Amino acid sequence: MFPARAYYDRHSLFFAHMSLPVDEDNVNMLSSPYPSSVHEWTKAIRRPTSYRVGNARFHLKPRVVLYAGLFSAAVMLLLIMLLPRSPAQPLCNQMRGETVSKYDPTYPLTNPLSTPGGTVYQIGLITDLDKDSKSRDKKNAWLSYYRQGNLTVSEKGDSVKVSLKQPKVLVSNIASGDRGMELSELVIFNGKLYTVDDRTGIIYEIVGNTVVPWVILADGDGKVAKGFKCEWATVKGERLYVGGLGKEWTTEQGELVNLNPQWVKSIGPGGDVVHIDWHEKYNALRARTGMLAPGYIIHEAAVWSDIHKRWFFLPRRASKETYNEVDDERRASNLMFVVDENFESIEVRKVGALNPTHGFSSFKFIPGTGDRIIAALKSEEDQGKIASYMLAFDVHGKILMPEMKIGEVKYEGLEFV
């Protein structure tokens, strides 16, 4: 037998040679009885490295560590793939901390009020003052009148009445060709109130007493250095659709210039714009009424009904004759087009008696009526005379509120706010 001191020193040299730590465990590992063969010595050397955590000691085999690492990586990859996110939001945006808000379908923005006289809704109207939009008092300022009020539908849904408040002034310093804020529609989209400028192509958000530019629409296919002449706007499938006149752009004598007003813009909640050629769709409406060229139809009011799954159009003017600026003032329309999504089924109805100078400029379905009752605006421009009227009727053209004059300016936008 070796003396204890010699035994310890001998094995210390062995551990140093094998690059093993010298501690009691390793010494005890080789204590008497001594390994009797090379196999036992090798078996002892291959024992897993020990680790101390507090007062406890455990051993890890390299192969176990490798398998555990691979398993952990697989679990993390699976969690990343299954992480819930918006379809429109790339994973890289999430990693950068960017967020995409969900679409807000709120409509109208204020809840209707039930009263003994019927259901009361808040409405908003907006003006297109044309050249009079330029402020006479402020430099580089253009304005529009925004007017609110109440619309009441009787309990039986057989009559409508309207009361309006005094208008307030909305101002912008953005113009094109010294003209701007010629606002031709109001629309609720993604929980916000928007209006469109038919001179600059700007879609403004109305916030309190101010207008905030949101999107600029270029004319035609979107590659034209001119603002789109926005005339109507509606929501379909969580996208905002904005259309133009639907008639070819011509000279004052009716000579063709381009087809830019026959394009439609589709805008997403984030402001992306898709330009859509509606040339054939607009012409399908004209063909249905025998108004193909040299005839024409001018659109300023169109709405998609998700209840009926139909487009509804109330043209401002329509004629089988060649366009000219003077005669056009007395070619108003009382037509209503009800059209399926593919423009294959086109039904034509009439709304009340025709007044040759009163043409539709905007309309909306009254909420809560199952898209059965319509509130609408008509505009008049006749030899310098300008006025606006409001009326209500059902989808078959039955008048529920006769035309009511609401001002001697053009109100071209109507919305339930």
Side-chain angles (χ1 to χ4, degrees), residues 104-126 146-165 184-195 206 232-236 240-241 300-316 334-339 347 349-352 358-379 388-407 411-417:
D104 184 353
T106 302
Y107 183 80
L109 297 180
T110 55
N111 293 326
L113 179 64
S114 294
T115 70
T119 304
V120 181
Y121 301 87
Q122 291 190 35
I123 60 173
L125 311 175
I126 201 78
Y146 176 57
R147 192 173 185 182
Q148 292 181 288
N150 294 329
L151 180 147
T152 304
V153 180
S154 66
E155 188 175 351
K156 294 182 179 179
D158 57 357
S159 66
V160 175
K161 62 181 180 180
V162 171
S163 62
L164 297 173
K165 303 175 183 178
S184 56
E185 187 58 285
L186 278 177
V187 62
I188 299 292
F189 174 62
N190 194 25
K192 301 177 180 66
L193 178 61
Y194 291 105
T195 185
I206 298 177
W232 56 265
T234 187
V235 177
K236 179 179 183 290
L240 176 64
Y241 284 74
E300 293 189 10
V303 171
W304 167 260
S305 169
D306 202 44
I307 292 177
H308 297 289
K309 302 298 180 187
R310 292 286 190 276
W311 287 97
F312 285 73
F313 296 87
L314 294 173
R316 173 82 182 271
N334 67 338
L335 300 176
M336 178 196 300
F337 290 94
V338 183
V339 188
E347 183 179 353
R349 303 171 186 174
K350 291 188 177 181
V351 180
H358 295 193
F360 291 105
S361 57
S362 180
F363 78 93
K364 294 292 188 299
F365 290 104
I366 299 178
T369 66
D371 286 4
R372 184 181 64 86
I373 303 178
I374 292 170
L377 296 177
K378 283 187 174 183
S379 298
S388 293
Y389 306 84
M390 191 167 180
L391 69 158
F393 47 91
D394 67 18
V395 292
H396 300 289
K398 179 183 178 181
I399 301 297
L400 303 180
M401 184 182 79
E403 290 184 16
M404 177 182 76
K405 187 174 182 179
I406 57 174
Y411 282 98
E412 291 201 347
L414 163 68
E415 182 58 290
F416 288 86
V417 298

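What you are looking at is a predicted structure, and each value in this text was computed from that prediction instead of being measured.
A 4.5 Å side-chain heavy-atom check between V303 and D371 finds every atom pair outside the cut-off. V417 has its side chain within reach of Y146: a pair of non-hydrogen atoms, C-beta onward, lies under 4.5 Å apart. A heavy-atom distance below 4.5 Å is found between the side chains of M390 and I123. Proximity of L377 to I406: side-chain heavy atoms (C-beta onward) are separated by under 4.5 Å at one or more points. Side-chain contact check for L391 versus I374: every heavy-atom pair is 4.5 Å or farther apart.
At least one donor-acceptor pair under 3.5 Å links the side chain of S154 to the backbone N or O of S159. Side-chain atoms of D104 come within 3.5 Å of backbone N or O of T106 as a donor-acceptor pair. A donor-acceptor distance shorter than 3.5 angstrom exists from the side chain of T195 to the backbone of E185, with no hydrogens or angles considered. The backbone N or O of G352 sits less than 3.5 Å from a side-chain atom of N334, completing a donor-acceptor pair. Panel note: side chain T152, backbone G118; no donor-acceptor pair is recorded below 3.5 Å. No side-chain donor-acceptor contact under 3.5 Å links Q148 to the backbone of Q122. In this structure, the side chain of R147 engages the main chain of K165 through a donor-acceptor pair within 3.5 Å.
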Test side-chain contact (heavy atoms from CB on, under 4.5 Å) applied to Y107 and F416, step by step: CA-CA 8 Å; Y107 183 80; F416 288 86; 3.8 Å; yes

Worked verdict on L186 versus Y411 for side-chain contact (heavy atoms from CB on, under 4.5 Å): CA-CA 10 Å; L186 278 177; Y411 282 98; over 6 Å; no

Criterion side-chain contact (heavy atoms from CB on, under 4.5 Å) on V160 and I366, from CA distance to verdict: CA-CA 10 Å; V160 175; I366 299 178; 4.3 Å; yes

side-chain contact (heavy atoms from CB on, under 4.5 Å) between R349 and V395, intermediate numbers included: CA-CA 9 Å; R349 303 171 186 174; V395 292; 3.9 Å; yes

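Between I126 atom CD1 and Y194 atom OH the span is 15.0 Å, to the nearest 0.5 Å. In this structure, CZ in F393 is found 11.0 Å from CD1 in I373, a value given to the nearest 0.5 Å. Note that NE2 of H358 and OG of S388 are 9.5 Å apart. Values are rounded to the nearest 0.5 Å. Considering OG of S163 and CE of M404, their distance stands at 8.5 Å, rounded to 0.5 Å.
Residues satisfying the side chain to side chain contact (heavy atoms under 4.5 Å, CB included) criterion with E155, sequence neighbours excluded, are absent altogether. Partners of E412 under the salt bridge (charged side-chain N to carboxylate O under 4.0 Å, His left out) rule, at least two apart in sequence or in another chain, are R316, K410.
Listed here is the closest heavy atom pair of P112 and T119: CB-CG2, 3.7 Å. The two residues W311 and K236 come nearest to each other via the heavy atoms CZ2-CD, 3.7 Å. The two atoms that bring L335 and P315 nearest to each other are O-CD, 3.2 Å, heavy atoms only. The two residues E415 and V187 come nearest to each other via the heavy atoms OE2-CA, 3.2 Å. Nearest heavy-atom pair across A301 and S361 is CB-C, 4.0 Å. D306 and K309 get closest at one heavy-atom pair: OD1-NZ, 2.8 Å.
The aromatic ring centroids of F365 and F312 lie less than 6.0 Å from each other.
In K405, the NZ atom is crowded: over 12 heavy atoms of neighbouring residues, nucleotides or ligands sit closer than 6.0 Å. Open room surrounds NZ on K161; 12 or fewer heavy atoms of other groups in view lie less than 6.0 Å from it.
Taking the six-membered ring where tryptophan is involved, the planes of F313 and W232 are perpendicular, since the angle between them exceeds 60° and thus also 30°.
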